[in-house]
Amino acid sequence: MSMQNALSKDAAARSKAPPGLDAQGTVYRILIAISLVHLFNDSIQSVIPAIFPILKDSMHLTYTQIGWISFAINFTASIMQPVVGWFADRKPTPSILPIGMGFTFTGMLLLAFADSYMAVLISVIFVGLGSAAFHPEGSRVSHMAAGPRRGLAQSIFQVGGNAGQSLAPLLTRWIFIPFGLFGAIGFTGIAAAGIAVQIYIARWYGRMLQSGGYLRRQAAARRAPNPALRKKIAAAITILILLVFVRSWYVASIGSFYAFNLKDTFNLSTEDAQIYIFLFLAAGALGTFFGGPLADRFGKRNMIFLSMAGAAPLALLLPYANLFWTAVLLTIIGFIMLSSFSVTVVYAQMLIPGKIGTVSGLITGLAFGMGGLGALVLGNWIDVFGVSPVMQMCSFLPLIGIFTFLLPSDKLLNRWAEENGSEE
């Protein structure tokens, strides 16, 4: 009799659970909401590298100093994202979402009144902290709302971020070029809107936790793999990190410094150079959206390989193209290369199930961190060798994508999960 009572109570709890928990339906309203906040967050974060030409001219900075600004924002996000993810895996905290956007609000308010190089550095660190708080928990919300369509859900989440990144050059053209750094005051309104949406998402997140089903599944998925399997997973994660490293360095070379190359090579103005960076990033946003569903259909490892191998020959041609073909190549490269952005996160979650926040924070944080480190190193090299030679060197980076073949296939990952008894 007690067993029947327990089963009836469990059934009642499931019936009261929010959609998408035990029923495993895809909760599109939450996916769209978290994608919208991702757009807000990354459009704000991405205006930092987009205003580098303005900072360089107004504050008379060197390329190395520009690299330090990029390093400050990206490395802050890189270090803190896995920490936030690790903490939230053990104690999920919905309030982290609006608090993180509060840090972003503070950073842009400080940037609007920054009158020195040090003030700019402090401002971007606050923006980096806001990004660090948002990404692992945003990825968790996407995972919770995904149901059976994880690739699509992660693409919806990530496309908001990449769309936000693509808007940064245009926002710079329309806001920062005419108004200077004070234009950052307008982004506090975007951050405030983000806080409001995050409160809505946090309430849904809290209801999911109260139902208990999500935490039970995560606890079951966190079962430690056997030693032999642990070594294989570690090797796969190492290769995946290498691929994220390469992609991040290449994207950093385009996002942070290619505008300078366009100005030097084709005598473009800062405003016109931003349009070409927009083409690369906007195409990347489209690629991110289509990459997830294609990976669900054709395999995640295959999609990661295609994103690197398909972009490699075009990247090699880019430094030698005329202005028209530069626009065409930047658009195609952005679409192909960033089509794997969301896929690498889902692939990593398959490698280490049950630690959604930690893994998402590691992969997306690593992308930010490696991009920041890449910008710092590339800035130093450009001061020594010039923009054009360094851009030519970066064109070889996508060739390293050949190492994707060393990653285990999707079928093998599913077999590992079955051997380990994971429910994920």
Side-chain angles (χ1 to χ4, degrees), residues 78 139 150-152 154-155 158-159 161-162 225 229-255 280 283-318 329 332-353 359-371 373-374 393-417 424:
S78 174
S139 190
R150 295 183 191 172
L152 174 63
Q154 192 65 219
S155 285
Q158 296 291 355
V159 77
N162 283 15
L229 187 55
R230 189 182 298 119
K231 290 181 180 179
K232 294 177 182 178
I233 291 173
I237 282 289
T238 301
I239 296 168
L240 191 65
I241 287 173
L242 172 65
L243 297 172
V244 171
F245 175 93
V246 169
R247 186 184 64 201
S248 298
W249 271 53
Y250 187 80
V251 172
S253 73
I254 301 297
F280 175 81
L286 284 176
T288 297
F289 179 76
F290 287 106
L294 289 172
D296 282 341
R297 182 176 180 84
F298 299 108
K300 295 166 184 61
R301 187 190 69 170
N302 294 340
M303 199 65 208
I304 294 171
F305 173 75
L306 178 63
S307 74
M308 302 293 286
L314 303 178
L316 290 170
L317 290 173
L318 180 61
L329 289 173
I332 299 174
I333 292 170
F335 182 90
I336 295 174
M337 180 164 282
L338 290 173
S339 64
S340 67
F341 194 90
S342 64
V343 180
T344 51
V345 176
V346 177
Y347 187 91
Q349 291 172 352
M350 292 174 67
L351 276 171
I352 310 177
V359 172
S360 302
L362 175 64
I363 297 301
T364 57
L366 186 71
F368 287 128
M370 290 301 99
L373 180 61
M393 181 201 68
C394 290
S395 68
F396 289 89
L397 286 172
L399 291 173
I400 301 176
I402 194 69
F403 286 104
T404 305
F405 274 125
L406 298 177
L407 289 173
S409 66
D410 294 45
K411 289 182 179 179
L412 184 56
L413 286 183
N414 290 329
R415 193 184 313 150
W416 287 356
E424 275 290 282

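Given the structure is predicted, the values throughout are model-derived calculations rather than measurements.
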Which distance, rounded to the nearest 0.5 Å, do you find between the CD1 of Ile241 and the CD1 of Ile237?
6.0 Å
Could you state the interatomic distance from CH2 (Trp249) to CE (Met393), rounded to the nearest 0.5 Å?
7.0 Å
Given side chains that start at C-beta, do those of Met337 and Tyr250 come closer than 4.5 Å, heavy atoms only?
yes
Donor-acceptor under 3.5 Å (Ser155 side chain, Thr288 main chain):
yes
Tell me which donor-acceptor pairs under 3.5 Å the side chains of residues 397-408 have, and how far apart each pair is, sequence neighbours excluded?
residue, atom, partner, partner atom, Å
Thr404, OG1, Gly401, O, 2.7

Sequence neighbours left out, what pairs pass side-chain hydrogen bond (donor to acceptor under 3.5 Å, both in side chains) with at least one residue falling in residues 297-317?
Ser307-Ser340
Is it the case that atom CZ in Phe335 sees more than 12 heavy atoms from other parts of the structure closer than 6.0 Å?
yes
Check the pair Thr344, Leu243 against side chain to side chain contact (heavy atoms under 4.5 Å, CB included), reporting the backbone distance first and the verdict last.
CA-CA 9 Å; Thr344 51; Leu243 297 172; 6.0 Å; no
Distance-minimising heavy-atom pair for Val343 and Ala295
CG2-CB, 3.7 Å
With side chain to side chain contact (heavy atoms under 4.5 Å, CB included) as the test, would you mind laying out the steps for Leu240 and Ile304 before giving the verdict?
CA-CA 9 Å; Leu240 191 65; Ile304 294 171; 4.1 Å; yes
Please report the closest heavy-atom contact between Met303 and Gly291, naming both atoms and the distance.
CG-O, 3.9 Å
One should read off an interatomic distance between Leu351 CG and Lys232 NZ, to the nearest 0.5 angstrom, of 12.5 Å
Correct closest heavy-atom pair for Gly310 and Pro313 would be O-CD, 3.8 Å
Side chains of Ile336 and Leu314, heavy atoms from C-beta outward: is any pair under 4.5 Å?
yes
Test side chain to side chain contact (heavy atoms under 4.5 Å, CB included) on Val251 and Phe280; report intermediate values, then the result.
CA-CA 9 Å; Val251 172; Phe280 175 81; 4.3 Å; yes
Any side-chain heavy atom of Leu318 sitting closer than 4.5 Å to one from Ile254?
yes
Which distance, rounded to the nearest 0.5 Å, do you find between the CZ of Phe298 and the CG of Asp410?
12.5 Å
